[in-house]
Amino acid sequence: MRKGILIGLIFLFLACNQKKDVVAESQQDPEVEKKEINNPIITDVFTADPAAIVHKDTVYLYAGHDEAPNDFHFYKMNEWLVFSSTNMVDWESHPVPLKVSDFEWAKADAWAAQVIERNGKFYWYITTEHATIPGKSIGVAVADSPVGPFEDAIGEALITNDMTKATDISWDDIDPTVFIDDDGQAYLFWGNTACYYAKLKDNMIELDGEIKSIDLPHFTEAPYIHKKGDWYYLSYAYQFPEKTAYAMSKSLEGPWEYKGILNELAGNTNTNHQAILEYKGKDYFIYHTGGIQPNGGSFRRSVCIDELFYNQDGTLKRVVMTSEGIQK
Ligand code: FUB
């Protein structure tokens with residue numbers, strides 16, 4: 001009799017579990033199920049602080065290299081990396097194009113950076129710790145090819161901490177973003193806590209005029225300028241831990257109108273550094289998370305990409321971060 005009850009219970013248990021599996025299967029979106037998991041886009045090294053350009057139909061993605069071991073709870077970053085792709089899914093890794101040690105005046109920290117092309121040359125604006133002037137600095141490297149080799153374009157920093165006074169912190173001169181306006185005028189934006197900007201001379205290695213600052217709600221760092229149609233967009237890391245917010249303007253000189261949150265907190269990291277790119281008719285939001293398994297985190301980040309969509313009035317739709325990312 002007892003044996004009979006036991007067998008009955010086993011059958012009941014198996015039947016319930018089978019039902020659960022069927023429900024789980026039927027809840028899967030068949031479209032999602034068919035997709036590959038493409039985020040993060042690079043899985044053999046940790047990558048952070050993405051920036052990207054298009055050159056001759058190829059996307060070049062620049063990133064800092066997070067080298068911190070698992071038991072290390074701050075950034076360990078000595079070099080920047082470059083990858084290329086023609087479909088936003090398959091990424092070719094190139095030899096290391098730039099290191100902190102390529103700048104004689106620098107001593108540590110390959111923090112956020114961005115490349116821009118002008119007159120056949122590629123200028124790479126980087127953040128690093130200055131060896132003799134306390135605080136973070138911005139330098140410029142130059143190359144004839146988007147994958148380098150890059151070399152220091154000036155022989156000294158372009159921006160040092162003693163040049164900016166809007167805050168007392170020593171790390172307010174970080175995270176450069178560079179943009180060349182339709183009339184050929186180049187601008188550099190950068191900052192932490194304060195968002196600074198200045199014009200650049202045509203040679204791209206000297207400031208052209210005073211450094212100004214912009215008031216943006218809860219500005220933390222990582223300004224990024226892009227343009228679509230008549231609108232300029234200034235996206236940035238908002239609060240800490242960071243979301244991404246953005247403002248819009250009809251001019252790089254402002255006024256900038258705050259438009260709200262663009263991306264929520266990125267998984268398992270306190271930073272959320274973005275780049276925005278248009279390529280082959282689609283718009284992309286490029287960012288990092290700390291979600292890679294195993295050992296991802298705030299100091300072991302990985303670059304991810306999802307599509308970005310605009311509303312009719314030019315405002316941006318909230319980014320949806322996905323594991324699937326971009327599909328071929
Ligand atoms: O990668 C070091 C710093 O973390 C960057 O400069 C910031 O934007 C943040 O992502």
Side-chain angles (χ1 to χ4, degrees), residues 40 42 45-52 61-69 72-82 98-100 103 106-115 124-130 135-141 157-161 164 167 169-178 188-196 216 218-225 234-246 262-276 285-292 296-305 321:
I42 291 144
V45 282
F46 293 113
T47 52
D49 303 327
L61 177 92
Y62 302 89
H65 183 187
D66 267 341
E67 299 169 74
F72 198 81
H73 297 294
F74 197 61
Y75 303 109
K76 187 167 181 225
M77 304 178 83
N78 298 309
E79 61 192 19
W80 295 270
L81 305 174
V82 60
L98 192 64
K99 297 178 171 170
V100 171
F103 299 93
K107 74 169 181 197
D109 298 339
W111 283 17
Q114 189 182 338
V115 173
W124 198 340
Y125 296 80
I126 57 92
T127 308
T128 189
E129 182 77 16
H130 203 286
K136 289 281 180 286
S137 300
I138 292 172
V140 193
L158 175 66
I159 313 275
T160 49
N161 185 44
T164 54
T167 80
I169 60 174
S170 63
W171 60 95
D172 54 334
D173 297 294
I174 68 169
D175 293 6
T177 177
V178 58
L188 189 72
F189 288 67
W190 72 98
N192 178 298
T193 311
C195 181
Y196 300 111
L216 292 163
H218 300 289
F219 176 84
T220 302
E221 58 186 2
Y224 195 90
I225 298 282
L234 200 180
S235 49
Y236 62 93
Y238 169 103
Q239 296 178 328
F240 195 86
E242 298 173 347
K243 299 177 183 178
T244 307
Y246 77 106
L262 174 58
N263 193 29
E264 300 292 347
L265 298 173
N268 202 31
T269 173
N270 51 25
T271 61
N272 191 344
H273 193 118
Q274 80 296 347
I276 290 171
F285 187 79
I286 312 175
Y287 58 103
H288 63 223
T289 73
I292 199 170
S298 289
F299 310 112
R300 289 172 294 280
R301 299 162 290 180
S302 300
V303 172
C304 296
I305 307 181
M321 293 179 277

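In listed order, ligands and their atoms are each counted from 1.
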| field | Sub-4.0 Å atoms of ligand 1 with respect to non-hydrogen atoms of Arg301 | value |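 Contacts of ligand 1 toward Arg301, numbered from 1: 1 (O), 2 (C), 4 (O), 9 (C), 10 (O).
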| said: Under a 4.0 angstrom heavy-atom cut-off, which atoms of ligand 1 come close to His288? | reply: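 In order of number, 10 (O).
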Within the side chain of [X], is there an N or O that forms a donor-acceptor pair under 3.5 Å with the backbone of [Y]?
X	Y	result
Gln274	Ser235	yes
Thr177	Ile225	yes
Asp175	Ala222	yes
Arg300	Asp66	no

| query | So Phe299 and Phe74, would you call those rings parallel, tilted or perpendicular, with 30° and 60° as cut-offs? | reply | tilted
| request: Using a 4.0 Å heavy-atom cut-off, say whether Ala112 meets ligand 1 through its side chain, its backbone, both or neither. | output: both
| ligand 1 contact on Glu242 by region, counting heavy-atom pairs under 4.0 Å | neither
| Side chains of Trp190 and Asp173, donor plus acceptor under 3.5 Å |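 Their side chains do contain a donor-acceptor pair, which is all the 3.5 Å distance test asks for.
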Closest non-hydrogen protein atom to [atom], residue and atom name please, with distance?
atom	value
atom 9 (C) of ligand 1	Glu221 OE2, 3.3 Å
atom 6 (O) of ligand 1	Asp175 OD1, 2.6 Å
atom 1 (O) of ligand 1	Asp49 OD2, 2.5 Å

